Amino acid sequence: MRQSKLFTKTRREVPADEVAKNAQLLIRAGFVHKEMAGVYSYLPLGLRVLTKIENIIREEMDAIGGQEIKMATLHPSENWKKTDGWDGVDVLFKIQSRTDKEYALGQSEEEIVTPIAQEYVTSYKDLPVALYQIGQKYRDELRAKSGIMRGREFGMKDMYSFHETQEDFESFYEIVKKSYFEAYKRCGLVAKVTEASGGSFSEKLSYEFMVLTDAGEDDILYCEECTHCANVEVSKVGEGEACPKCGKGKLKKARASEVGNVFDLGKKYPTSFDFTYKDKEGKEQTPIVGCYGFGTTRLMGVIVEKLADEKGLIWPENVAPFAVHLVALGKGDDDISKTADALYTDLVKAGVEVLYDDRDLRAGEKFAESDLIGIPTRIVVGKDAVATGEFEVVSRATGEVRNIPRKDILSCFLPTASNS
Ligand code: ATP
Ligand code: MG
């Protein structure tokens, strides 16, 4: 895409009403637009990043047999009354119609997915099944100061699985866990999962996927030697003590952001909706349900918080809005324009995603903007490139500069197997 045609522009001023680094940078770079506290619109660059994150988790869920659906987000209040969520869920947005009818805005979708599953799951032969969607959630959060990491409207992948037995749920959870770790890795992050925790006896088990960052809102304890990780409130062992899992490492305290969550919902929701299936003996049984959340927009915020530097955003390759930022210098120099145009055409033809800064601006301005936007690789086309046929290729993350001859440029940017 030619930057002269890009709808958004970057800005220098930090938005006065944002304290979160992720929102400050994303707004300055033109990725998102703030509507009000906790509510953001996604602009072309931001949407490209979010769509890539969504596609990564979509591929991972498809690979383990999840079936994608798109559920309504405007919910009948009756469903929420059946599960006691209408009065019991504090973040639920309730809507009053002019016709006296009441609705809820989806904050999670158990109330919708359970009746859907009920319609099609009638026999043990229909189980297990896992349904997921990627879309908007609405929550009346009290504090919305973490930018896109805590929205009142936000993006989530939510999956719901239905099982005959607890063991079947547990083994599916292990499969989902692996695919979650893979998804976070592909997004350029390392996640940890907290050991099973259930707040009170009435509450079911939950597992939380955490990424270490000071911008997070959770406190965790983790072992530096093994995978042990626990929420500070539930951990039986304190900071500095020996790891209860491996015994070797010491527990370290850290701030983290919850980027995913798995709940063992047991039979609660099917029971509320009188949802049963016939087992092998023809007896009515209630399925066991698991739910798997994955915060797509929060994850995007965490990526910003973890990777950005003082110059701006830094995107990992797999979720970057473009792979290459082609920057032409020299303000209307014909030779430079021709050389840059030709390279742009070749890269696009080869399937490389390129943002081409073809605008008539000073080099310093272009570089500052390029740093702010954070595309992984910058190719500079200036007088030198025209004269020598070698192009300066700069890594945004490391600052490493390579001079690459024209004939070798394309092969540097062809998508590799690990990127696809
Ligand atoms: P938190 O404790 O952070 O409020 P939660 O336990 O309410 O999270 P879930 O209901 O399990 O979260 O939602 C699944 C995932 O959705 C979370 O792990 C998180 O990544 C994301 N998420 C939850 N609330 C928000 C929000 N307000 N804004 C952005 N993402 C969110
Ligand atoms: Mg919450």
Side-chain angles (χ1 to χ4, degrees), residues 42 46-76 79 104-123 125-139 148 151 153-164 168-169 171-187 189 191 193 206-207 209 258-265 269-270 273 275 277 287-300 303 318-319 321 419-420:
Y42 286 70
L47 183 61
R48 289 179 78 98
V49 174
L50 184 59
T51 303
K52 288 189 179 181
I53 294 172
E54 290 177 348
N55 283 337
I56 286 173
I57 188 64
R58 176 176 282 120
E59 281 173 23
E60 294 298 332
M61 294 300 97
D62 287 346
I64 59 171
Q67 297 184 48
E68 187 170 2
I69 59 176
K70 195 160 196 75
M71 290 182 268
T73 47
L74 186 62
H75 295 178
N79 294 31
L105 283 183
Q107 64 88 30
S108 189
E109 300 269 336
E110 287 82 355
E111 276 75 3
I112 300 299
V113 78
T114 309
I116 291 176
Q118 181 172 22
E119 191 149 339
Y120 294 96
V121 174
T122 54
S123 147
K125 291 179 194 157
D126 301 320
L127 295 174
V129 67
L131 304 170
Y132 79 92
Q133 68 172 356
I134 300 171
Q136 304 295 88
K137 293 282 175 285
Y138 302 87
R139 292 186 184 180
I148 65 167
E153 174 174 353
F154 60 96
M156 198 206 283
K157 184 284 302 173
D158 45 329
M159 181 162 76
Y160 307 86
S161 67
F162 297 82
H163 305 269
E164 281 183 84
D168 197 50
F169 160 69
S171 64
F172 188 61
Y173 163 68
E174 291 299 328
I175 294 170
V176 177
K177 183 159 99 179
K178 279 204 193 88
S179 68
Y180 266 41
F181 281 140
E182 186 60 23
Y184 298 125
K185 196 168 103 190
R186 290 174 65 187
C187 291
L189 297 174
V193 66
S206 73
Y207 306 88
F209 291 81
E258 184 196 306
V259 289
N261 198 334
V262 175
F263 280 103
D264 173 356
L265 298 173
Y269 290 93
F273 288 96
F275 168 14
Y277 66 93
I288 285 167
V289 183
C291 117
Y292 314 78
F294 182 103
T296 51
T297 48
R298 179 176 291 179
L299 192 64
M300 180 167 161
I303 293 170
N318 290 341
V319 301
N419 281 346
S420 62

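Just so we're clear, the structure is a prediction, and the values are computed from it rather than from any experiment.
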Counting C-beta onward and ignoring hydrogens, is there a side-chain heavy-atom pair between Y160 and E109 closer than 4.5 Å? yes

_Y132 and D62 side chains, donor-acceptor separation under 3.5 Å_ = yes

Only one of L127, V289, D168 passes side-chain contact (heavy atoms from CB on, under 4.5 Å) with H163, and that residue is D168

- Would F294 and Y184 count as a close aromatic pair, with their ring centres under 6.0 Å? yes

Item to complete: Establish, yes or no, whether a centroid distance under 6.0 Å links the rings of F209 and F181.
Response: yes

Practice prompt. Decide yes or no for M61 and E68: does some side-chain heavy atom of the first lie under 4.5 Å from some side-chain heavy atom of the second?
Written response: no

- Take V262 and V193 through the side chain to side chain contact (heavy atoms under 4.5 Å, CB included) test and state the conclusion after the steps. CA-CA 10 Å; V262 175; V193 66; over 6 Å; no

Heavy-atom closest pair (L299 atom, L189 atom, distance to 0.1 Å) is CD1-CD1, 3.5 Å

* Asked: Do the side chains of F275 and V121 get nearer than 4.5 Å, heavy atoms only?
  -> yes

inquiry  = Quick one about Y138 and T73 (side-chain donor to acceptor, distance below 3.5 Å, no hydrogens or angles considered), yes or no?
reply    = no

In short, S179 meets I64 closest at the heavy-atom pair OG-CD1, 3.8 Å

*Do R186 and V319 touch side chain to side chain, with heavy atoms closer than 4.5 Å?*
no

